[in-house]
Amino acid sequence: MRLEKCWFCSSTVYPGHGIQFVRNDAKIFRFCRSKCHKNFKMKRNPRKVKWTKAYRRLHGKDMTQDATFEFERKRNRPERYDRNLAENTLKAIKKIDKVRSDRAASHIEKRLKVRKGKERREAQKELEQSIHLVKAPQVLRQDQSLTLPKIKVEVSQPKSEKNQAMEE
C-alpha cells in the first residue's frame, strides 16, 4: 500500500482517495481533498496559507529539522527481503515514533513557555496600572509600598499672542 503526500498541504493521501492532476509536462500533483486542489488551481502559495504544513514549518510552529524525518523519506530502491531486517525495522519504527513524539512535545513546550512569560509580564503590567481596582483606596493610603512612585512632569507651553489677549 503506497501512501502519497498531498502536494499542497503535505497530509497523507491514501489509495483510492484524493485527486491527481497531471500537467502538460507530465508532472503529477496529488491532492488529499478538493480544498487543496481548488487552492492549487487558484495559484495560491502553500507557504502563505495558514493551515498548511509548509506555513507551519516556515513560521516555526512545527519542527523543521529532526533526524527522525529522514526515516519518512520515500525510497525507490528495492531491497531483498530479510526476515531479521524486517523485524529490526519494525522495532526501530516504534522507537522512532516515541522519539519523534517526545521531541514534538518539547518543541510545543518551548513555544508555550515564551507565550506564558509574555502573558505573565502583560498581566503584571496591567495589575500595576490598575491596582486601585484590586485593593481598596484606604489600604493604598495606609501602605505606601503598594502604590507606584509618582513622577512629576512639568509641561511648559509657549504663550501665543491670542492666549495672552484672552487672559487679560
Side-chain angles (χ1 to χ4, degrees), residues 1-135 148 151 153 155 157:
M1 182 167 80
R2 172 167 250 154
L3 302 179
E4 304 289 345
K5 292 283 181 190
C6 176
W7 185 87
F8 196 79
C9 70
S10 304
S11 65
T12 310
V13 181
Y14 291 94
H17 292 260
I19 301 165
Q20 267 191 345
F21 172 72
V22 182
R23 205 165 51 188
N24 288 340
D25 62 351
K27 170 105 172 82
I28 298 172
F29 298 94
R30 290 180 177 84
F31 304 104
C32 59
R33 53 187 179 254
S34 62
K35 177 182 182 180
C36 297
H37 187 222
K38 287 173 185 175
N39 277 295
F40 174 78
K41 287 195 291 187
M42 286 191 279
K43 298 184 178 182
R44 287 200 176 140
N45 188 347
R47 289 172 289 184
K48 293 183 180 178
V49 180
K50 290 192 175 189
W51 51 269
T52 61
K53 197 81 159 173
Y55 176 90
R56 293 187 61 77
R57 283 188 176 161
L58 184 68
H59 291 85
K61 305 206 180 292
D62 279 346
M63 290 192 306
T64 54
Q65 295 176 343
D66 193 24
T68 57
F69 293 134
E70 182 65 32
F71 296 103
E72 201 174 296
R73 287 215 177 121
K74 186 174 159 184
R75 293 171 185 83
N76 288 326
R77 194 173 20 148
E79 290 190 22
R80 180 169 281 178
Y81 177 76
D82 182 11
R83 186 175 193 163
N84 293 331
L85 179 67
E87 188 177 314
N88 291 339
T89 303
L90 290 174
K91 288 179 184 176
I93 286 173
K94 292 177 184 174
K95 288 181 184 176
I96 290 166
D97 283 341
K98 185 176 184 328
V99 167
R100 183 182 293 154
S101 64
D102 291 345
R103 288 182 182 170
S106 68
H107 176 76
I108 290 169
E109 280 181 33
K110 286 179 187 175
R111 286 185 55 227
L112 290 178
K113 192 179 283 186
V114 172
R115 188 172 129 209
K116 283 181 183 176
K118 186 178 177 184
E119 286 177 354
R120 186 175 290 129
R121 284 191 299 273
E122 287 175 358
Q124 187 176 6
K125 185 178 178 183
E126 185 178 352
L127 184 63
E128 287 175 356
Q129 290 175 349
S130 56
I131 189 74
H132 65 279
L133 299 174
V134 180
K135 293 276 187 178
L148 294 173
I151 301 170
V153 179
V155 180
Q157 294 180 345

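Side-chain atoms are counted along with the backbone in the values below, which use heavy atoms only and exclude waters and symmetry mates.
- A cation-pi arrangement is not found for Lys53 relative to Tyr55, the charged atom failing to lie both closer than 6.0 Å to the ring centre and inside a 45° cone about the ring normal.
- The pair Glu87-Lys91 meets the salt-bridge criterion, since a charged nitrogen lies less than 4.0 angstrom from a carboxylate oxygen.
- With sequence neighbours left out, the salt bridge (Lys or Arg N to Asp or Glu O under 4.0 Å) criterion links Asp25 to Arg23.
- Side-chain contact check for Lys61 versus Arg111: some heavy-atom pair is nearer than 4.5 Å.
- With rounding to the nearest 0.5 Å, the separation of SG in Cys6 from NE2 in His37 is 10.5 Å.
- The number of heavy atoms from other shown groups lying within 6.0 Å of NZ (Lys118) does not exceed 12.
- Interatomic distance, CH2 of Trp51 versus NZ of Lys35, reported as 4.5 Å (0.5 Å rounding).
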Please report the C-alpha distance between Phe29 and Phe40 in whole Å, then the side-chain angles of each, then the deciding distance to 0.1 Å, and finally whether the ring pair (Phe, Tyr, Trp, His ring centres under 6.0 Å) criterion is met.
CA-CA 10 Å; Phe29 298 94; Phe40 174 78; 4.8 Å; yes

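- You'll find the side chain of Glu126 stays beyond 4.5 Å of the side chain of Glu122, heavy atoms only.
- Between the NE2 atom of His59 and the NZ atom of Lys50 there is a distance of 8.0 Å, given to the nearest 0.5 Å.
- A distance of 10.0 Å separates NE2 of His107 from CG of Leu112, quoted to the nearest 0.5 Å.
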Worked check of side-chain contact (heavy atoms from CB on, under 4.5 Å) between Val49 and Thr52:
CA-CA 6 Å; Val49 180; Thr52 61; 4.1 Å; yes

Review item, side-chain donor-acceptor pairs of residues 7-20, under 3.5 Å, at least two apart:
none

Test salt bridge (charged side-chain N to carboxylate O under 4.0 Å, His left out) applied to Arg2 and Glu4, step by step
CA-CA 6 Å; Arg2 172 167 250 154; Glu4 304 289 345; 3.6 Å; yes

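- Of the inter-residue distances, the one linking Ser101 atom OG with Lys98 atom NZ reads 6.5 Å to the nearest 0.5 angstrom.
- Here the CZ atom belonging to Arg80 is positioned 10.0 Å from the CG atom belonging to Asp82, to the nearest 0.5 angstrom.
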